[in-house]
Chemist: 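I am attaching a structure below and will ask some questions about it afterwards.
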Amino acid sequence: MSDRIGVVGAGTMGQGIAQVVAASGFDVHLYDVAEEALSRAKASIEKGLGKLVEKQKISEEDKQAALERLSTTTSLEALGGCGVIIEAAPEQPALKEKLFHELSRLSPDAILASNTSSLSLTRLAAVCERPERVIGMHFFNPVPVLKLVEVIRAEQTSDATVQRIEQLAQALGKTAVPIGDSPGFAVNRLLVPMINEAAFIVQEGAATPEAIDEAMKLGAAHPMGPLALADLIGLDVCLAIMNVLQEGFGDPKYRPCPLLKRMVDAGYLGRKTGRGFHRYD
């Protein structure tokens with residue numbers, strides 16, 4: 001199998017994954033439909049590697065070598081020779097299923113790994129030519145910093161696919177934790193309902209976002225309060241995960257907070273728009 005790795009999607013997660021892959025010694029092909037997104041991603045990756053040089057975690061030579069291993073493309077066909085393709089497209093089921101169907105026909109021998117934070121891997125595998133080669137590889141933001149990768153096994157995933165992805169995670173300096181294919185997996189099933197409950201507390205007027213975040217940092221030893229974390233993740237992403245949990249389990253405890261819905265409708269998505277539960281310059 002080729003050591004070349006494809007990454008689909010040049011957003012925040014795709015950028016971080018591509019940076020880690022290139023810095024770990026693999027050739028990486030980063031795909032996006034928009035050339036502008038690829039240009040932003042290259043600049044972000046160069047900046048991220050530059051910070052590692054400043055912190056003396058890598059050398060300038062290491063940085064340049066990683067950048068030389070990175071290529072970008074707006075052609076999905078360019079990923080045809082990759083041994084592993086990691087999908088980091090937006091959390092839209094129809095979009096992901098379309099991508100997986102196309103990728104499975106384009107590169108039938110590749111392992112197709114999705115960075116989805118909540119969607120069913122079994123459903124994604126079902127649209128593929130070789131479903132046994134489909135798996136979840138859920139990184140966490142910021143990818144260069146956080147060590148966890150949730151490895152999600154679909155009903156169809158083979159043992160060989162799991163083993164290959166666990167080996168890849170280790171080669172990327174990550175810790176692979178096996179999780180079943182259940183809505184929200186483990187971390188988001190615990191984390192996002194907590195964010196949702198914090199939004200209910202704000203909606204009810206019981207506490208401000210600042211008070212909630214300070215309380216959780218001081219009282220629960222969280223490095224970041226839940227609403228500041230929501231702003232970092234993106235309120236649209238949090239809402240999408242709550243919708244998946246509610247649909248997947250049919251349990252009213254996963255009902256998205258109306259305030260969270262209104263904020264997403266207003267375009268207050270967090271750090272990426274300059275305003276969420278907090279404001280950003």
Side-chain angles (χ1 to χ4, degrees), residues 9 11-14 87-97 114-124 136-143 146 148-150 152 154 177 179-213 215-217 220 222-280:
T12 300
M13 295 303 293
E87 170 270 318
E91 286 287 275
Q92 300 168 13
L95 172 62
K96 288 184 185 286
E97 288 175 17
S114 177
N115 182 57
T116 179
S117 57
S118 58
L119 300 177
S120 168
L121 272 301
T122 298
R123 274 185 60 181
L124 286 178
M137 196 176 189
H138 182 211
F139 293 81
F140 289 78
N141 185 34
V143 178
L146 297 183
L148 174 64
V149 172
E150 287 182 319
I152 300 99
V177 175
I179 305 291
D181 188 18
S182 176
F185 313 133
V187 172
N188 280 336
R189 183 173 170 182
L190 291 166
L191 179 66
V192 180
M194 180 184 69
I195 290 170
N196 193 58
E197 191 63 27
F200 271 114
I201 294 173
V202 174
Q203 178 179 281
E204 293 161 8
T208 65
E210 291 77 13
I212 291 168
D213 284 347
M216 291 302 288
K217 286 191 291 182
H222 288 197
M224 177 184 288
L227 297 177
L229 180 58
D231 285 349
L232 178 63
I233 294 169
L235 302 194
D236 52 337
V237 176
C238 293
L239 178 58
I241 293 170
M242 287 305 301
N243 286 331
V244 168
L245 291 172
Q246 185 182 41
E247 180 183 349
F249 291 111
D251 192 320
K253 72 180 180 181
Y254 295 116
R255 177 174 69 95
C257 176
L259 174 61
L260 181 63
K261 289 183 175 181
R262 291 199 302 272
M263 292 178 73
V264 171
D265 287 343
Y268 302 154
L269 307 183
R271 286 183 177 269
K272 59 189 172 186
T273 60
R275 179 175 177 179
F277 285 100
H278 304 280
R279 290 180 180 267
Y280 304 89

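Just so it is clear, the values below take in all heavy atoms, side chains as well, and ignore hydrogens, waters and symmetry mates.
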Chemist: Above 12 or not: heavy atoms from other molecules or residues under 6.0 Å from CD of Glu247?
Modeler: no

Chemist: Let me confirm one number: the CD1-CG distance from Ile152 to Leu119, rounded to the nearest 0.5 Å.
Modeler: 10.5 Å

Chemist: Which atom names give the shortest non-hydrogen contact between Pro183 and Gly248, and what distance separates them?
Modeler: CG-CA, 3.9 Å

Chemist: Hey, could you give me each pair passing salt bridge (charged side-chain N to carboxylate O under 4.0 Å, His left out) that has a residue in residues 184-201? Not counting sequence neighbours.
Modeler: none

Chemist: For Lys96 versus Ser114, what's the shortest heavy-atom pair and its separation?
Modeler: NZ-OG, 4.3 Å

Chemist: Should the pair His138 and Phe140 be assigned to parallel (<30°), tilted (30 to 60°) or perpendicular (>60°) ring geometry?
Modeler: tilted

Chemist: Just by distance, with hydrogens left out, do Thr122 and Asp181 show a side-chain donor and acceptor under 3.5 Å apart?
Modeler: yes

Chemist: Any side-chain heavy-atom pair from Arg275 and Met263 closer than 4.5 angstrom?
Modeler: no

Chemist: Hey, are the side chains of Val177 and Phe185 touching, using non-hydrogen atoms and a 4.5 Å cut-off?
Modeler: no

Chemist: Roughly how far, to the nearest 0.5 Å, is the CG atom of Asp231 from the OG1 atom of Thr273?
Modeler: 8.0 Å

Chemist: What's the separation between atom CG in Leu235 and atom CG in Leu227, rounded to the nearest 0.5 Å?
Modeler: 8.5 Å

Chemist: Roughly how far, to the nearest 0.5 Å, is the CD atom of Glu204 from the SG atom of Cys257?
Modeler: 8.0 Å

Chemist: Quick one: does Pro142's side chain get under 4.5 Å of Leu146's, heavy atoms only?
Modeler: yes

Chemist: Could you pull out the closest heavy-atom pair between Leu259 and Ala199, with the gap in Å?
Modeler: CD2-O, 3.7 Å

Chemist: Give a yes or no on this: more than 12 heavy atoms of other residues, nucleotides or ligands lie within 6.0 Å of atom NZ of Lys272.
Modeler: yes

Chemist: For the pair Asp236 (side chain) and Val264 (backbone), establish whether a donor and an acceptor sit closer than 3.5 Å, ignoring hydrogens and angles.
Modeler: no

Chemist: Supply the atom-to-atom distance Gln203 CD to Leu260 CG, rounded to the nearest 0.5 angstrom.
Modeler: 10.0 Å

Chemist: In Å, rounded to the nearest 0.5 Å, how long is the span from NZ of Lys253 to CG of Asp251?
Modeler: 5.0 Å

Chemist: Which heavy atom of Met194 sits nearest a heavy atom of Pro226, and at what distance?
Modeler: CE-CB, 3.9 Å

Chemist: If every non-hydrogen atom of Ile212 is compared with every non-hydrogen atom of Ala207, which pair is closest and at what distance?
Modeler: CG1-CB, 3.8 Å

Chemist: Checking Glu91 side chain against Ser117 main chain: does a donor-acceptor pair fall under 3.5 Å?
Modeler: yes

Chemist: Phe249: which residues meet the ring pair (Phe, Tyr, Trp, His ring centres under 6.0 Å) condition with it, sequence neighbours left out?
Modeler: Tyr254

Chemist: Please report the shortest heavy-atom distance between Gln246 and Arg255, naming the atom on each side.
Modeler: NE2-CA, 3.7 Å

Chemist: Examine distances only and state if a side-chain atom of Glu150 and a backbone atom of Val187 form a donor-acceptor pair shorter than 3.5 Å.
Modeler: yes

Chemist: With distance as the sole test, does Asn196 use its side chain to make a donor-acceptor pair with the main-chain N or O of Met242 at under 3.5 Å?
Modeler: no

Chemist: Go through it in stages, so that I can follow the logic: the residues are Leu191 and Leu229, the test is side-chain contact (heavy atoms from CB on, under 4.5 Å), and I'd like the CA-CA distance, side-chain angles, deciding distance and then a yes or no.
Modeler: CA-CA 10 Å; Leu191 179 66; Leu229 180 58; 3.7 Å; yes

